Amino acid sequence: MKHLFWLALLLTGCASEPREFQRRLYVFGTLVEIQAYTNDEQAFSRAMRELQTRFRQMHTQWHAWKGNGQLRRINAAFARGECAPVDATLRAMLEQAAELERATGGLFNPAIGRLVALWGFHTDDFPIEAPPPEDAAVRALVEQRPSLADLRFPPGHVCSDNPAVAVDLGGFAKGVAVDEALALLARHGISDVMVNAGGDLRVAGSHGQRHWRIAIRHPGEGTPLATIEARDGEAVFTSGNYYRYLAHAGKRYAHILDPRTGYPVEEIQSATVIASTGALADAAATALVVAGTGRWLQVARGLGVREVMLVTEDGTVYLTPEMKLRLRYLNPPAKEKVRRL
Ligand code: AMP
Ligand code: MG
């Protein structure tokens, strides 16, 4: 009898050893890999079912161009000079995005949806093979100065004082989605987990005795540039022009636009940021690509992010000392410039 007791204890002990579980889900056309380190497989499965439903809702509600969700209805109403209903979650997102727009001096600007559509970057099929838009059309949209600062929120609604505002959350929604995914997983007791949306990710806790280890893609090359050990709560996001672009007459146009000119960014291949939330990291990475080597430190300071890296068109790596401490190069760059914030 006594032996049986010990045997039972041993077996349950073994069954409750944490191990890695993985699941893949889609959101915003991106494959999201969820890796959890847990001993509660059932809780993980329940969380995954709920997350799948939530990702589907986000996709329809926050997509600027597909389906007939909230954001599409909002943009249609703005174009008619009308207000539209908005739920509390999307309102909070728009308010946070407006703050980030301000903090980046307008380099991150999700109100430029009309420019995104003019360039054709609202598609899921890249690369785009078409001529770029007419310069006059680009300039006409820039001159209307769309900004999230034009938004007002009467109870339950959102209005725009500027009919040229079309909200495109393509540079931000993934970050918010990753944050929400971690919060949902935590409610199910899954607190050691990584949510990785195609290289943009956030982690919670650890992978057993070690940190979550992730790879940073090398823009233009298939191989990773470096690895980072992500600590509890950290988000790591990279923006770049190496997959989504328009190609015409031997020239490449990146899908990230400089809101001041309406033209795609040219100097920067990619920007990587480590930040305390996915939302901040996502907005920061997009803004830093626009900021370029001339303004990146100023934008990083404005956003309060310290771990930042840029890769320029010629492959030079610019990074802060804080970022350098976190990187382990797999593929050391030919030129590296460390700059203090
Ligand atoms: P990301 O990959 O996070 O840098 O987001 C790029 C996407 O954000 C583009 O495909 C556009 O939908 C949108 N976008 C482009 N330029 C900007 C910008 N300057 N500010 C905010 N969103 C932008
Ligand atoms: Mg972004």
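Both counts, for ligands and for their atoms, begin at 1 and track the order of listing. Note that this is a predicted model, so its numbers are computed, not measured.
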Could you pull out the N/O contacts under 3.5 angstrom between ligand 1 and the surrounding protein atoms?
residue: ligand 1; atom: 3 (O); partner: Asp282; partner atom: OD1; Å: 3.0
residue: ligand 1; atom: 3 (O); partner: Thr286; partner atom: OG1; Å: 3.0
residue: ligand 1; atom: 4 (O); partner: Ser239; partner atom: OG; Å: 2.6
residue: ligand 1; atom: 4 (O); partner: Thr286; partner atom: OG1; Å: 2.7
residue: ligand 1; atom: 5 (O); partner: Gly170; partner atom: O; Å: 3.3
residue: ligand 1; atom: 8 (O); partner: Gly171; partner atom: N; Å: 3.1
residue: ligand 1; atom: 10 (O); partner: His255; partner atom: ND1; Å: 2.9
residue: ligand 1; atom: 12 (O); partner: Asp168; partner atom: OD1; Å: 3.2
residue: ligand 1; atom: 12 (O); partner: Asp168; partner atom: OD2; Å: 2.9
residue: ligand 1; atom: 16 (N); partner: Leu257; partner atom: N; Å: 3.0
residue: ligand 1; atom: 19 (N); partner: Leu107; partner atom: O; Å: 3.0
residue: ligand 1; atom: 19 (N); partner: Leu257; partner atom: O; Å: 2.8
residue: ligand 1; atom: 20 (N); partner: Asn109; partner atom: N; Å: 2.8

* Structure fact -> Ignoring waters, protein N/O/S atoms under 2.8 Å from the Mg ion (ligand 2) are Gly171 O, Asp282 O, Asp282 OD1, Thr286 OG1
Going by an N to O cut-off under 4.0 Å, is there a salt bridge joining [X] and [Y]?
X	Y	value
Arg328	Glu229	no
Glu266	Lys251	yes
Glu322	Arg326	no
Asp135	Arg139	yes
Asp200	Lys174	yes

* To do: For the residue pair His255 and Phe121, categorise the inter-ring angle as parallel (less than 30°), tilted (30 to 60°) or perpendicular (more than 60°).
  => perpendicular
* Donor-acceptor side-chain pairing of Arg54 and Gln57 below 3.5 angstrom -> yes
* Asked: Between Thr312 and Asp314, do the side chains contain an N or O donor and an N or O acceptor separated by less than 3.5 Å?
  -> yes
* Would you check if the distance from the ring center of Tyr263 to the ring center of Trp119 is below 6.0 Å? => yes
